[in-house]
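What follows is a set of notes on a single structure, which appears directly below.
Order of listing sets the numbers, starting from 1, for every ligand and every atom in it. Worth knowing before you read on, the calculation uses all heavy atoms, side chains too, and leaves out hydrogens, waters and symmetry mates.
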Amino acid sequence: MADLAVDDLTLRRDLKTELTRFMMSYKFATDEMMTKINILKEEFSSIHDYSPIHQVTSRLKSPEGILKKALRTGCPIALDEIRDHIQDIAGIRITCSFVSDTYRVCDMLTSQQDVTVLKVKDYIATPKPNGYRSLHLLVAVPVFMSDRVQPVTVEIQIRTIAMDFWASLEHKIYYKYAGRVPAGLLVDLTRAAEDASRLDVLMERLHDQVIELGVDPEAVDDRVNMDFLSQMPMSRDVLDAFVRGRVDIPAAAP
Ligand code: GTP
Ligand code: MG
């Protein structure tokens with residue numbers, strides 16, 4: 001009896017370590033992807049004054065949430081099975097201003113060498129019957145641990161601000177009605193999704209017209225965002241060194 005209790009304790013301790021390592025691998029994979037996305041976001045907004053990425057957020061499913069989903073979907077309660085079958089443990093959501101940006105961001109991420117694309121679901125080209133629109137990517141990124149390299153799955157949802165506005169409201173309504181949403185409200189929601197989609201088309205058309213009419217895209221590309229520069233320390237000595245390099249003036253004797 002006493003032996004059993006000790007075994008039980010050891011088993012629990014080992015499981016806790018295993019589960020912690022499991023969760024950590026998803027946290028690291030999320031961090032890795034967030035770094036990639038933030039690099040793109042900063043690069044664009046610093047150099048081009050405009051970023052196709054409006055906002056990016058991430059979340060990890062809690063061990064309780066993972067367990068609930070495993071029970072709901074009939075996935076065996078074993079970490080290897082969960083790793084293979086539950087693919088939204090690590091989730092990232094990117095919002096963009098325009099539809100074309102969602103595809104642009106998708107291309108920029110999926111073309112990175114260490115990102116393996118497992119699945120793409122384009123609910124923008126083919127919306128769900130309720131009107132849900134979004135670009136879903138399942139990718140695997142390598143996580144370098146002390147004793148192994150582990151490919152870890154991350155779910156990425158890319159959508160416009162209007163699609164996101166709709167999806168969060170729809171999610172709230174579903175939650176409030178515990179899935180039994182009155183038929184009239186469902187019709188209104190689907191209409192709202194279509195209106196949001198029309199708004200996306202209109203806004204993108206306006207945006208394209210503004211670019212065509214007024215601003216030379218080359219000029220936009222060449223412009224440097226001054227906020228970014230003002231935050232970067234550039235001492236007089238550093239600038240002097242560059243000036244000397246450019247005009248080939250030797251440094252003054254000390
Ligand atoms: P799970 O629903 O997570 O098991 O994934 P799935 O295999 O059915 O994939 P799917 O691509 O359909 O949905 C994945 C995620 O997209 C969901 O967990 C939601 O975050 C989001 N999503 C999908 N459909 C809807 C929808 O109709 N409304 C809202 N608000 N979100 C949705
Ligand atoms: Mg999900």
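Classified by interplanar angle (parallel below 30°, tilted 30° to 60°, perpendicular above 60°), the ring pair Tyr175/His171 is parallel. Below 30°, between 30° and 60°, or above 60°: for His136 and Tyr123 the angle between ring planes is above 60°, a perpendicular geometry.
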Passes side chain to side chain contact (heavy atoms under 4.5 Å, CB included), Leu137 versus Ile158? Steps please.
CA-CA 8 Å; Leu137 307 179; Ile158 312 174; 4.0 Å; yes
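Residue Tyr123 places at least one N or O, backbone or side chain, under 3.5 Å from an N or O of ligand 1. Considering both main-chain and side-chain atoms, Asp88 comes within under 3.5 Å of ligand 1 through a nitrogen or oxygen pair. At a 3.5 angstrom cut-off on N or O pairs, Asn130 counts as close to ligand 1.
When every heavy atom of Ser45 is checked against every heavy atom of Lys41, the shortest pair comes out as OG-O, 2.7 Å.
Distances from ligand 1 to the non-hydrogen atoms of Lys69 include at least one value under 4.0 Å.
Val201 and Tyr103 fall into different hydrophobic clusters, where Ile, Leu, Val, Met, Phe, Trp and Tyr residues are linked whenever their side-chain heavy atoms come under 4.5 Å apart, directly or through other members.
Here Ile94 contributes atom CD1 and Met34 contributes atom CE; the two are 8.5 Å apart, rounded to the nearest 0.5 Å.
Residue Tyr174 does not touch ligand 1, judged by heavy-atom distances below 4.0 Å.
If you number the atoms of ligand 1 from 1 as listed, the ones under 4.0 Å from a heavy atom of Glu155 come out as 14 (C). Interface of Ala167 with ligand 1, defined as ligand atoms under 4.0 Å from a residue heavy atom, comprises 30 (N).
Relative to atom 6 (P) of ligand 1, the option among Arg72, Gln157, Lys121, Arg93 with the closest non-hydrogen atom is Lys121.
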